[in-house]
Amino acid sequence: MVTDYYVAVLREIYKERAKKLKSIKTRKDAEKYQEYVRSAIKKAFPLPETKTPLTPRITGVLEKPGYKIEKIIFESRKKFFVTGNLYIPNNLKREAPAVLVSCGHETKGKAYPLYQQVCIRLVKSGFVVFIYDPISQGERDQYYDTFDEQHPLRTNCCYAHNMLGKQLELVGDFFGAWRVWDGIRALDYLLSRSEVDHKKIGLTGCSGGGTLTTWLWALDDRFTFAAPSCFITTFLANMENELPSDNEQCPPGIIAAGLEQSDFFIAKAPKPVILLGQKYDFFDIRGFREAYSDIRRFYRIYRAEDNIRVFIGENLHGYSPDHQKEMVKFFCRYTGTKPYTEDVSYTVEQIENLWATRKGQVISEGSKPAYEIIAEISKEITRKKRDRSFQQISSTVKKILNISISKAVPYYRILRPFYSEKGDYVISRYAIETEKNISVILYKKARDTSKAFVLEPEKNISLYIPHISALQDIEEDPLALSLFSEGDIYSIDVRGIGVSMPDTPDDFLHPYGYNYLLKSYALMLGKPYLGQRIYDILSAFNLLKSKGVKEISLYGRGQGSIIALFIAILCKDIKKVVIKNYPPSFYEWTQVPSFLWPDANVPPSILKYIDIPELIKTLEGKIELIEPWGPDMGASQWKIKY
């Protein structure tokens, strides 16, 4: 249900954008649109305002036939080390064109054989080439001295990215901006070299490196030509195909701004670009063609169609030799160098030979792990918070979660009830249509079976918000069972929970699960998933109030505890609120290397304004706390399938 909801929302945005692009006829129209696009992109990437010293070091040199490889360490942030390899042609007589290479999601980083081949082809074609390790790849494992070698956050860079992304969202930052900043600082280092011609700077990368090529191209004017491989499609296609992306591939608010992936290249038209796709890629080739068509429209307006090229290979996802050759040929065309097209696989180095550090990891050289830097940022911003009134807190919560409180009474359907085996109680079910294409299920567990087919609530009710399933919790959780012993109990499955959960419970916490996918699109739409779930409850309240309900006692467990806590802040009709298995604070999630709570429970930027202890204090006198869960979310009962 939720997947289809987002597909419908994105299709409407896609249609509106298509109309807008179709109306662009003149250079003036194009420039106006580009100005808007650049502004929206900049807003999505909160980059640092100042640059710290790079403090670069050359830690070794490999002499190769026709070129050399320098091993480089620099700091993109204070005490945050980046490792790279600089490929330099021999016998340079003048400044040479240069290329920055961004790595894809490969644990080996810059040493991955295909990425080495990219660099070798370029250096043999006369380019100075700088390739650097992304966060948690190559020599930049952020959990090197934290977890054992088999821990998923060490064996899978994508899981590490998503974990850091969750923590950064809490402090109002974006992991994609950190990745972009590394690229900007890598370019700073490249341009500091005397061998480099500043007017001829290329950019390329595949997969996750194609992502960074796309983002960097739009955000840094110093690049003069680019070649993204195996990334470009449409956000809509990825949603339709249920394809999750890394945290850094989901810029906050970017879809809400009406943008698509192609806009990152439209922003810099008519600079030279070649788009590289693969026929059998998991990134939809149909979206790739649509993106190319959108971009080409602007190059046509600028009468620079020769500056935009496209190549579709017959391979699977990856920077295959055909992509490499097309990229090199395109770059050489704009720099006047001769492309090297011979086989380069035989010159690939062993990983250890390319290490810039002594042990192959920056942490062992004194680099701070990213999670420690996030912990410091969190400490600093929470120290500055001030006391706020109840009204100020309520307004802050609405703003953070982008909730618009409506008084509209939603339509509901009466579904088939469930009867207990003994016939001693009935569970009535009501599908409440909280918005177009979204229905949440309200349950009433009652001993009087005669009213199973009507919604006739009492004036004072108990509403239970579950962790992952209302039906399971009201049948098994001691808190829910104790409530039922006192009278009827209502419970509710919000979107993506219980009957609309797109995963099995075992898969629900997977770093790439559907819950993560849907949360990512909610963030790109500027409507946090948590806020939408809270909106579902508020809509259900409107229905219950219209049926005569005067007071509501609210109970929440696990994920439901967070929802219940925010509801109690937003709604004056709550008589009391009881939260069980709740997180004591969001701040706690930033002070540990990792936490298990799903992404959907992260309110963006929350720690800049408020935290759970302050919310609890505000509700003093009508809130009860039971069995808090730490960052591991009671992990002993969960089996995480990585």
Side-chain angles (χ1 to χ4, degrees), residues 45 76 82-87 98-123 127 129-140 156-158 160-162 175-187 189-190 201-220 223 225-233 238 245-251 261 264-265 273-278 281-283 288 291 311 313 315-328 330-331 348 354:
F45 289 82
S76 64
V82 181
T83 42
N85 293 147
L86 185 70
Y87 292 69
V99 177
L100 184 69
V101 179
S102 297
C103 296
H105 293 127
E106 164 54 50
T107 303
K108 297 182 181 69
K110 65 184 180 306
Y112 183 55
L114 282 178
Y115 302 158
Q116 287 191 53
Q117 290 177 21
V118 168
C119 296
I120 294 166
R121 286 189 194 280
L122 284 165
V123 74
F127 293 87
V129 187
F130 191 37
I131 184 170
Y132 63 99
D133 284 324
I135 298 170
S136 278
Q137 295 175 234
E139 298 181 76
R140 300 182 69 199
N156 192 302
C157 62
C158 297
H161 294 174
N162 290 356
F175 184 64
W178 277 50
R179 292 288 309 275
V180 164
W181 190 246
D182 280 352
I184 289 172
R185 300 316 313 274
L187 178 57
Y189 175 72
L190 184 58
I201 305 295
L203 175 63
T204 192
C206 178
S207 188
T211 306
L212 266 294
T213 298
T214 303
W215 301 166
L216 281 164
W217 181 246
L219 287 161
D220 198 313
F223 293 108
F225 45 90
S229 166
C230 290
F231 169 68
I232 301 300
T233 181
N238 286 344
S245 301
D246 264 34
N247 183 280
E248 71 265 25
Q249 295 176 319
C250 305
Q261 292 180 15
F264 286 79
F265 294 95
V273 172
I274 182 170
L275 306 181
L276 303 170
Q278 296 286 13
D281 200 344
F282 46 75
F283 287 121
F288 176 85
F311 175 81
N315 301 292
L316 298 171
H317 184 82
Y319 217 142
S320 56
D322 58 346
H323 270 200
Q324 296 176 28
K325 291 175 183 177
E326 289 297 321
M327 174 271 294
V328 171
F330 184 81
F331 284 4
V348 168
L354 296 172

What pairs with Phe45 under ring-ring contact (aromatic ring centres under 6.0 Å, His included), at least two apart in sequence or on another chain?
Phe174, Trp215
For Asp281, give me all partners under salt bridge (Lys or Arg N to Asp or Glu O under 4.0 Å), at least two apart in sequence or on another chain.
none
Can you name the residues that form a side-chain hydrogen bond (donor to acceptor under 3.5 Å, both in side chains) with Asn247, not counting sequence neighbours?
Glu169
For the CZ atom of Arg140 and the SG atom of Cys103, what is their distance to the nearest 0.5 Å?
10.5 Å
Does Thr83 have any side-chain hydrogen bond (donor to acceptor under 3.5 Å, both in side chains) partners at least two apart in sequence or in another chain, and if so, which?
Asp133
With the side chain counted from C-beta on, respond yes when Tyr189 and Val82 share a heavy-atom pair under 4.5 Å apart, and no when they do not.
no
By salt bridge (Lys or Arg N to Asp or Glu O under 4.0 Å), which residues pair with Arg121, not counting sequence neighbours?
none
Check step by step if side chain to side chain contact (heavy atoms under 4.5 Å, CB included) holds for Val180 and Leu212.
CA-CA 7 Å; Val180 164; Leu212 266 294; 4.1 Å; yes
The criterion is side-chain hydrogen bond (donor to acceptor under 3.5 Å, both in side chains); which residues satisfy it with Thr211, sequence neighbours excluded?
Gln249
Point-to-point distance, once rounded to the nearest 0.5 Å, from CG of Leu122 to OG1 of Thr204:
7.5 Å
Would you say the side-chain atoms of Asn85 pair up with the backbone N or O of Lys110, donor to acceptor, closer than 3.5 Å?
no
Quick one: ring-ring contact (aromatic ring centres under 6.0 Å, His included) partners of Tyr87, sequence neighbours excluded?
none
Partner residues of Ala291 under the side chain to side chain contact (heavy atoms under 4.5 Å, CB included) criterion, sequence neighbours left out:
Ile232, Ser262
Between the main-chain N or O of Ile135 and the side-chain N or O of His161, is there a donor-acceptor pair closer than 3.5 Å?
yes
Residues in side chain to side chain contact (heavy atoms under 4.5 Å, CB included) contact with Asn156, at least two apart in sequence or another chain:
Cys158, Tyr159
Please list, chain by chain and in numerical order, all residues satisfying side chain to side chain contact (heavy atoms under 4.5 Å, CB included) with Ser320, sequence neighbours excluded.
Gln278, Asn315, Asp322, His323
Does the plane of the ring in Phe223 sit parallel, tilted or perpendicular to the ring in Trp217? Use 30° and 60° as the thresholds.
tilted
Could you go through the side chain to side chain contact (heavy atoms under 4.5 Å, CB included) check for His105 and Glu248 one step at a time?
CA-CA 11 Å; His105 293 127; Glu248 71 265 25; 2.7 Å; yes
Looking only at heavy atoms, what is the nearest atom pair of His317 and Cys230, with distance?
CE1-O, 3.2 Å
Please check if the distance between the ring centroids of Tyr115 and Tyr319 is under 6.0 Å.
no
Using a 4.5 Å cut-off on heavy atoms from C-beta on, say whether the side chain of Thr213 contacts that of Phe231.
no
Measure the spacing between CZ of Phe283 and CG of Asn238 and express it to the nearest 0.5 Å.
6.0 Å
Backbone N or O of Cys157 within a donor-acceptor pair of the Ser136 side chain at under 3.5 Å?
no
Could you walk me through whether Cys206 and Leu114 pass the side chain to side chain contact (heavy atoms under 4.5 Å, CB included) check?
CA-CA 10 Å; Cys206 178; Leu114 282 178; over 6 Å; no
Side chains of Pro228 and Val273: closer than 4.5 Å at any heavy-atom pair?
yes
Kindly say whether the aromatic ring centers of Phe330 and Phe225 come within a distance under 6.0 Å.
no
What I'd like to find out is whether the side chain of Leu100 reaches to under 4.5 Å of the side chain of Tyr132, using heavy atoms alone.
yes
4.5 Å side-chain heavy-atom contact, Trp181 and Ile184
yes
Return the set of residues passing side-chain hydrogen bond (donor to acceptor under 3.5 Å, both in side chains) with Trp178 (not counting sequence neighbours), or none when no residue passes.
Asp173
Sequence neighbours excluded, which residues qualify as side chain to side chain contact (heavy atoms under 4.5 Å, CB included) partners of Glu326?
Ile274, Leu276, Phe311, Lys329
Heavy-atom nearest pair, Phe288 first then Leu275, reads CZ-O, 3.6 Å
Would you mind reporting whether Val101 and Cys119 have side-chain heavy atoms less than 4.5 Å apart?
yes
